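Single-structure report; data block below.
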Number of protein chains: 2
Amino acid sequence: MGVTKTEIFTEQQNRVADLAKAFAHPARVAILQLLAQKKACVCGDLVDELPLAQATVSQHLKELKRIGIIKGEINPPRVCYCINEVVWEEARQTFGSLFDIYVGASTCC
Amino acid sequence: MGVTKTEIFTEQQNRVADLAKAFAHPARVAILQLLAQKKACVCGDLVDELPLAQATVSQHLKELKRIGIIKGEINPPRVCYCINEVVWEEARQTFGSLFDIYVGASTCC
DNA sequence: ATTGTTTATCGCAATATTACAATGAAAAAT
DNA sequence: ATTTTTCATTGTAATATTGCGATAAACAAT
């Protein structure tokens, strides 16, 4: 039905899924790469760097802000975006330990 | 339009997005955790472990196979699933270097 | 007050995803 | 041959996502 049954999974599983969603679209990967590569905040010129309409970029930014992995600081008339260091580290840790639960050496297949 | 413009992004960005999709739904996270925790392949009892219908689980498995992160070996009447070690490592590397491009210490925000 | 600049939001259209019942397919077991 | 078991696929329904034009909002500068 397009409706995910979040209530039947653990908090951790839902959080992993949400963090993964931040990277689950090439446009958002591109945005995050742009933000991560700069030391300073990127003030709005994301639209110029991406082959997408301003409304579309704004929507992806909104989703990234919902997840928490970026921050937006209003600096009228611009808005400056940057990586949220805390959540970025949370994501690094989360995926790090996730990948570590598989130790390799399957006995079959 | 619900249609991602894959052609306007790099191969790498599209691959990251695809790998992230494997983890972008709590049911798939649960499946991957189950498979990763076992040494041996899991032969079909995934449906019993998950609060989802058999058809739904099968659909998620199909998506994970498309991405390549799991393998399915037919062993009639069962099918044994396991992590694809190569792609699992690819994902680990991919996300590892992705998280490393951000060095922290933003000068603003 | 008006204009210009920048970003967010709304509304719409199209496609994608999620979920499941029902059915089909494939092979072992009876 | 029929039944049973297991998994995939099909069909259907509902919700989510993606994309963009148009518009609104917020503020600076004139």
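Small disclaimer: the values here were computed from a predicted structure and weren't measured. Below, read A as the first sequence line, B as the second, and so on, with proteins coming before strands; counting in each chain starts at 1.
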Phosphate-side-chain proximity, His60(B) and dA19(C), N/O vs OP1/OP2 below 4.0 Å: yes

Of the nucleotides dT7(C), dA19(C), dC7(D), which one has an atom closest to the side chain of Val79(A)? dT7(C)

Do Gln12(A) and Gln33(B) come within less than 4.5 Å of each other through their side chains, counting heavy atoms only? yes

Whether Tyr81(A) contacts dA8(C) is assessed here as follows: a side-chain N or O lying under 4.0 Å from the phosphate OP1 or OP2. Is that the case? yes

Can you tell which of dT6(C), dA22(C), dC20(D) lies closest to the side chain of Ala55(B)? dA22(C)

Out of dT17(D), dT7(C), dA19(C), which nucleotide sits closest to the side chain of Lys21(A)? dT17(D)

Per atom distances to the Leu52(B) side chain, the nearest of dA8(D), dA19(C), dC20(D) is dA19(C)

Please determine if a side-chain N or O atom of Lys62(A) lies less than 4.0 Å away from the OP1 or OP2 oxygen of dT7(C). no

Where the side chain of Ala53(A) is defined as all heavy atoms beyond and including C-beta, which of dA19(C), dG21(D), dT7(C) is the nearest nucleotide? dG21(D)

Under 4.0 angstrom between Ser58(B) side-chain N/O and dC7(D) OP1 or OP2: no

With sequence neighbours excluded, tell me which residues meet salt bridge (Lys or Arg N to Asp or Glu O under 4.0 Å) with Arg66(A). Asp18(A), Glu63(A)

Answer whether the closest heavy-atom distance between the side chains of Phe23(B) and Phe23(A) falls below 4.5 Å. no

Of Leu64(A), Asn84(A), Val86(A), Leu35(A), the one forming a side chain to side chain contact (heavy atoms under 4.5 Å, CB included) with Ile69(A) is Leu64(A)

So, under a plain 3.5 Å distance rule, would you say the side chain of Gln54(A) forms a donor-acceptor pair with the base of dA8(C)? yes

